Peer 1: 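Before I ask anything, let me first share the structure, which is written out below as C-alpha cells.
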There are 2 protein chains.
Amino acid sequence: MFFRLAKIIKNFTLNNSKKNLNGVVPIKDQCYKELEITYDWYREKPLNILTQKKKGGPIDVYKEFKGDGRVVRVGLEFETGNISSAHRSMNKLLLGMNHQELELGVILMPVYALSYYLTDRVSNYEELEPYFELAEYTPFIFIGFNANQFDPSVEAIPKGKDGMSKRSIKKMDGKIIIKPPHSFHHGDN
Amino acid sequence: MFFRLAKIIKNFTLNNSKKNLNGVVPIKDQCYKELEITYDWYREKPLNILTQKKKGGPIDVYKEFKGDGRVVRVGLEFETGNISSAHRSMNKLLLGMNHQELELGVILMPVYALSYYLTDRVSNYEELEPYFELAEYTPFIFIGFNANQFDPSVEAIPKGKDGMSKRSIKKMDGKIIIKPPHSFHHGDN
DNA sequence: TCTGGATCCACA
DNA sequence: TGTG
DNA sequence: GATCCAGA
Ligand SMILES: [Mn+2]
Ligand SMILES: [Mn+2]
C-alpha cells in the first residue's frame, strides 16, 4: 500500500538575468494553495510538545494518511526563508517525530541552482545536506526543487521590504525613504 | 578534576529606552576578545566532518583542555544572530560531537529580557529552550546572559557598520591578523 | 556561485 | 503580545 | 520569514 503525498509539478520560468534578483514569497504561496486545495493538506499544524511547552509555532503543512487501519501523520515544511531557518524547520519536525506526533517529516526547498537567482542566502538543498545525518534515525525526506526553465526576459518575482531591504521603513534610524511597492505578481503559474 | 572554561562577568549597562534599540556586534566582540586573550580559546575552528563534505563553515570558538592524560575538546558558539541561526549553531556542535570531534558543546546567547532591547529576533535562551532536548544524549551547555543593568540614559549600542571595526583574531591553525581594536563603550564596563 | 551573520517585516 |  | 552585509 502506498499513498501519493502530492504531485505538484508546475512549469515555472524564472528570470536569470542577475544573481539574487527574484523574491521568494509568491513561490510558496502557489505551492501551499495546491497542497490545500488539490491534496487536502492542512496549514499551520501546532505540535503538542510545543503547545505544552507554551513556546514555538506550528508546522507549515500537515496531513494524516489513513489506510489499513492505521494513520501516517506527515509534517511538511516549505522552506524559502534563510538557510538558518531550515535548521529550525528540521529541528521542529524532529521534535514532532521524537514525540510520536509525526511518522514522517518533509522539507521542501530550492536547489542551489535555483536559489542563486532568489533572495540571497535562502534555504537550498545543498547547504542543508551536511546536516541530513542528524535525522539519520528518523523518517525524513528532503526535497530540492528547481525552476523548469530560466529566461532573462520574463518578469522577475518581486521582493518584499523585510530586513535589510532598501524599502525597509526603519532602516537603522531616521531617514525614512520608502519606495512604492510593485504588483506582487509574476510570470506564469 | 575540573577546568574553568572561562569566567567573563562584566558589568554592562544597556539602554532600555525602547524595544530593539541596540545593535549586537560590539557585544560579541568584547566577549571574543576576552576568551582569546584571557583564556586562550581559538576562533573559527573547522570541523573535519564538514571539511570532508566540503560544505559548511567553522565553529566560533574552540579550546582543548588537557589533563589526566586526556583531552577535552570544547566547541562554543556565541549566538547573537537571528534565533534560527542558533538552530544551525546547535546542529553544527551536535555534528561535531556525533563525530567524536568535540566532547562538549556550548552555546552562549542573550536571555529574552536582554534580547528585548537588542536587534529584533536575535537568539535568546527561552526561544531555543524547547529544542534543548534534541541534544539530550549529547554533552551540551546552554548559557543565557543578561545585561547587568538597564539605564535609558546610556548611549545605545550602534547598529550596522557603525558597530563594526575588525580587530585581530586568534585562529587554531592560521595566522593572526592584526588590526587596531575600536573603542567599545556603552555606559560602564 | 562561500558562509555566518545582522537587521527589519508581516500577521497572529 | 510572539514566531516564522 | 525575508532581505541584504561583511569578510575570508
Ligand atoms: Mn512555518
Ligand atoms: Mn516554511
Side-chain angles (χ1 to χ4, degrees), chain A residues 16 18-28 43-44 46 50 54-60 77-89 92 111-124 126-127 130 157-173 176 178 181, chain B residues 19-28 43-44 46 50 54-60 77-89 92 112 115-116 118-124 126-128 130 157-167 169 171 174-175 177 179:
Chain A
N16 65 340
K18 187 185 169 198
K19 179 174 172 8
N20 303 142
L21 175 69
N22 303 278
V24 90
V25 174
I27 297 175
K28 57 189 300 186
R43 290 298 309 285
E44 322 266 279
L50 290 177
K54 292 188 291 293
K55 198 72 188 167
I59 285 180
D60 273 356
E77 292 278 343
F78 191 95
E79 263 292 341
T80 48
N82 187 289
I83 175 64
S84 64
S85 181
H87 286 265
R88 172 175 51 206
S89 287
K92 186 177 293 186
V111 292
Y112 178 84
L114 169 60
S115 71
Y116 187 83
Y117 296 105
L118 302 178
T119 296
D120 190 26
R121 308 301 288 118
V122 297
S123 298
N124 63 89
E126 290 84 346
E127 194 167 351
I157 301 177
K159 289 181 175 179
K161 52 186 179 182
D162 315 51
M164 306 301 284
S165 167
K166 289 176 181 59
R167 292 175 52 217
S168 167
I169 296 181
K170 304 182 74 167
K171 219 39 181 166
M172 257 55 133
D173 327 281
I176 305 175
I178 310 175
Chain B
K19 179 171 165 25
N20 303 140
L21 174 68
N22 304 278
V24 90
V25 174
I27 297 175
K28 57 190 304 185
R43 292 295 309 286
E44 323 224 314
L50 290 178
K54 290 190 292 292
K55 197 73 187 167
I59 285 179
D60 266 358
E77 292 279 342
F78 192 96
E79 263 293 339
T80 49
N82 187 290
I83 174 65
S84 64
S85 181
H87 284 266
R88 173 175 50 206
S89 287
K92 185 177 294 186
Y112 176 84
S115 70
Y116 187 85
L118 303 178
T119 297
D120 190 28
R121 308 301 289 122
V122 297
S123 298
N124 64 89
E126 290 84 346
E127 194 167 352
L128 188 62
I157 299 176
K159 288 181 176 178
K161 46 198 181 312
D162 295 332
M164 310 285 198
S165 144
K166 288 296 80 159
R167 59 169 229 288
I169 76 171
K171 289 193 181 184
K175 46 281 150 204
I177 310 164
K179 282 202 60 180

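Everything numeric in this text was worked out from a predicted model, so none of it was measured. Residue numbering restarts at 1 for every chain, and letters A, B, ... go by the order of the sequence lines.
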Peer 1: Write down the atom of N82(B), the atom of S123(B), and the distance for their closest heavy-atom approach.
Peer 2: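 Reported closest heavy-atom pair: O-OG, 3.2 Å.
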
Peer 1: Using a heavy-atom cut-off of under 4.0 Å over every strand shown, decide if G163(A) touches base, sugar-phosphate, or nothing.
Peer 2: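 Base: the residue G163(A), judged by heavy atoms under 4.0 Å, touches a nucleobase.
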
Peer 1: List for me each residue that meets side chain to side chain contact (heavy atoms under 4.5 Å, CB included) alongside T119(A), sequence neighbours excluded, and say none if there are none.
Peer 2: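 For T119(A), the residues satisfying side chain to side chain contact (heavy atoms under 4.5 Å, CB included) (neighbours in sequence not counted) are V122(A), K159(A).
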
Peer 1: Using atom CG of L118(A) as one end and atom C1' of dC4(E) as the other, report the distance to the nearest whole Å.
Peer 2: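 Rounding to the nearest Å, CG of L118(A) and C1' of dC4(E) are 14 Å apart.
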
Peer 1: Quick one: R43(B) CZ to dA8(E) P, roughly how many Å, whole number?
Peer 2: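 Distance, rounded to whole Å: 11 Å.
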
Peer 1: Return the NZ to CG distance between K19(B) and D120(B), rounded to the nearest 0.5 Å.
Peer 2: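 It is 5.0 Å, given to the nearest 0.5 Å.
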
Peer 1: E126(A) near the nucleic acid: base, sugar-phosphate alone, or nothing, with a heavy-atom cut-off under 4.0 Å?
Peer 2: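 Nothing, no heavy atom under 4.0 Å.
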
Peer 1: So, is T80(B) near the phosphate of dA6(C), with a side-chain N or O under 4.0 Å from OP1 or OP2?
Peer 2: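 Yes, such a contact exists.
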
Peer 1: Nearest to the side chain of V25(A) - dA6(C), dA2(E), dA8(E)?
Peer 2: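 So the nucleotide nearest the side chain must be dA2(E).
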
Peer 1: With respect to the side chain of K161(A), which nucleotide from dC4(E), dC9(C), dC2(C) is positioned closest?
Peer 2: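 So the nucleotide nearest the side chain must be dC9(C).
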
Peer 1: Taking only N and O in the side chain of S85(B), is any of them less than 4.0 Å away from OP1 or OP2 of dT3(C)?
Peer 2: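 Looking at the OP1 and OP2 atoms of dT3(C), neither is under 4.0 Å from any side-chain N or O of S85(B).
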
Peer 1: Output the rounded distance in Å from NZ (K159(B)) to P (dA6(E)).
Peer 2: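 Spelled out: NZ on K159(B) to P on dA6(E) is 15 Å.
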
Peer 1: For the side chain of E127(A), starting at C-beta, report the closest nucleotide among dA6(C), dT1(C), dG4(C).
Peer 2: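 From the listed options, dG4(C) comes nearest.
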
Peer 1: When you measure from the side chain of E126(A) to the backbone N and O of Y112(A), does any donor-acceptor pair fall under 3.5 Å?
Peer 2: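 Yes, E126(A) side chain to Y112(A) backbone: donor-acceptor pair under 3.5 Å.
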
Peer 1: For chain A and DNA chain D, what are the first and last nucleotides along the strand, 5' to 3', with at least one atom under 4.0 angstrom from a heavy atom of the protein chain?
Peer 2: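 Listed 5' to 3', the contact boundaries are dT3(D) to dG4(D).
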
Peer 1: Classify the side chain of N20(A) versus the base of dT3(E) as yes if they form a donor-acceptor pair under 3.5 Å and no if they do not.
Peer 2: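 For N20(A), whose side chain was compared with the base of dT3(E), there is no donor-acceptor pair (under 3.5 Å).
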
Peer 1: Is it the case that the side chain of K92(A) and the backbone of G57(A) share a donor-acceptor pair, with hydrogens and angles ignored and the cut-off at 3.5 Å?
Peer 2: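 Between the backbone of G57(A) and the side chain of K92(A) there is a qualifying donor-acceptor contact (under 3.5 Å).
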
Peer 1: At under 4.0 Å, does any side-chain N or O of K166(A) touch on OP1 or OP2 of dC8(C)?
Peer 2: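 Checking dC8(C) against K166(A), no side-chain N or O comes under 4.0 Å of OP1 or OP2.
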
Peer 1: With respect to the phosphate group of dC9(C), does any side-chain polar atom (N or O) of S168(A) fall under 4.0 Å of OP1 or OP2?
Peer 2: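 The answer is yes; a side-chain N or O of S168(A) sits under 4.0 Å from OP1 or OP2.
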
Peer 1: Applying a 4.0 Å non-hydrogen cut-off, can you work out what K28(B) is touching in the nucleic acid: base, sugar-phosphate, or nothing?
Peer 2: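 Touches sugar-phosphate only.
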
Peer 1: CG of D162(A) versus P of dC4(E): gap in Å, rounded?
Peer 2: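 Interatomic distance, CG of D162(A) to P of dC4(E): 9 Å.
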
Peer 1: Given 3.5 Å as the limit, does a donor-acceptor pair link the side chain of E77(A) with the main chain of D60(A), or not?
Peer 2: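 Judged by distance alone, yes, a pair lies under 3.5 Å.
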
Peer 1: If you compare every side-chain N and O of K54(B) against the phosphate oxygens of dC2(C) (OP1, OP2), does one of them come in below 4.0 Å?
Peer 2: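 K54(B) to dC2(C) OP1/OP2: no side-chain N or O under 4.0 Å.
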
Peer 1: Taking any heavy-atom pair under 4.0 Å as a contact, classify S89(B): base, sugar-phosphate, or nothing.
Peer 2: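 Sugar-phosphate contact only - S89(B) comes under 4.0 Å of backbone atoms but never of a base.
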
Peer 1: Quickly work out the D120(A) CG to dC5(E) P distance and round it to whole Å.
Peer 2: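 Whole-Å distance recorded here is 9 Å.
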
Peer 1: Give the dot-bracket line for DNA chain D from 5' end to 3' end: parentheses for intra-strand Watson-Crick or G-U pairs under 3.5 Å, square brackets for crossings, | for inter-strand pairing, dots for unpaired.
Peer 2: .|||

Peer 1: So how far is it from H87(B) NE2 to E127(B) CD, rounded to the nearest 0.5 Å?
Peer 2: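 Here the rounded value is 7.0 Å.
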
Peer 1: Which heavy atom of L118(A) sits nearest a heavy atom of N20(A), and at what distance?
Peer 2: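 Shortest heavy-atom separation between L118(A) and N20(A) comes out as O-ND2, 2.8 Å.
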
Peer 1: Would you mind telling me which residue lines up with the more 5' stretch of DNA chain C, Y112(A) or S84(A), judged by nearest nucleotide?
Peer 2: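 Its nucleotide being nearer the 5' end, the pick is Y112(A).
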
Peer 1: What are the two closest heavy atoms between S115(A) and N124(A), and how far apart are they?
Peer 2: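 Of all heavy-atom pairs spanning S115(A) and N124(A), the closest is OG-CB, 3.6 Å.
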
Peer 1: Rounded to the nearest Å, what distance is computed from the CG atom of residue N82(B) to the P atom of nucleotide dC4(E)?
Peer 2: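 Answer to the nearest Å: 16 Å.
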
Peer 1: What is the separation between atom CD1 on I83(B) and atom P on dG5(C), rounded to the nearest whole Å?
Peer 2: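 So the CD1-P distance, I83(B) to dG5(C), works out to 12 Å.
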
Peer 1: Separation of R121(B) atom CZ from dA6(C) atom C1', in whole Å?
Peer 2: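 Answer to the nearest Å: 14 Å.
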
Peer 1: Closer to the 5' end of DNA chain C via nearest nucleotide, is it T119(B) or K19(A)?
Peer 2: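 With T119(B) and K19(A) compared, the 5'-side residue is K19(A).
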
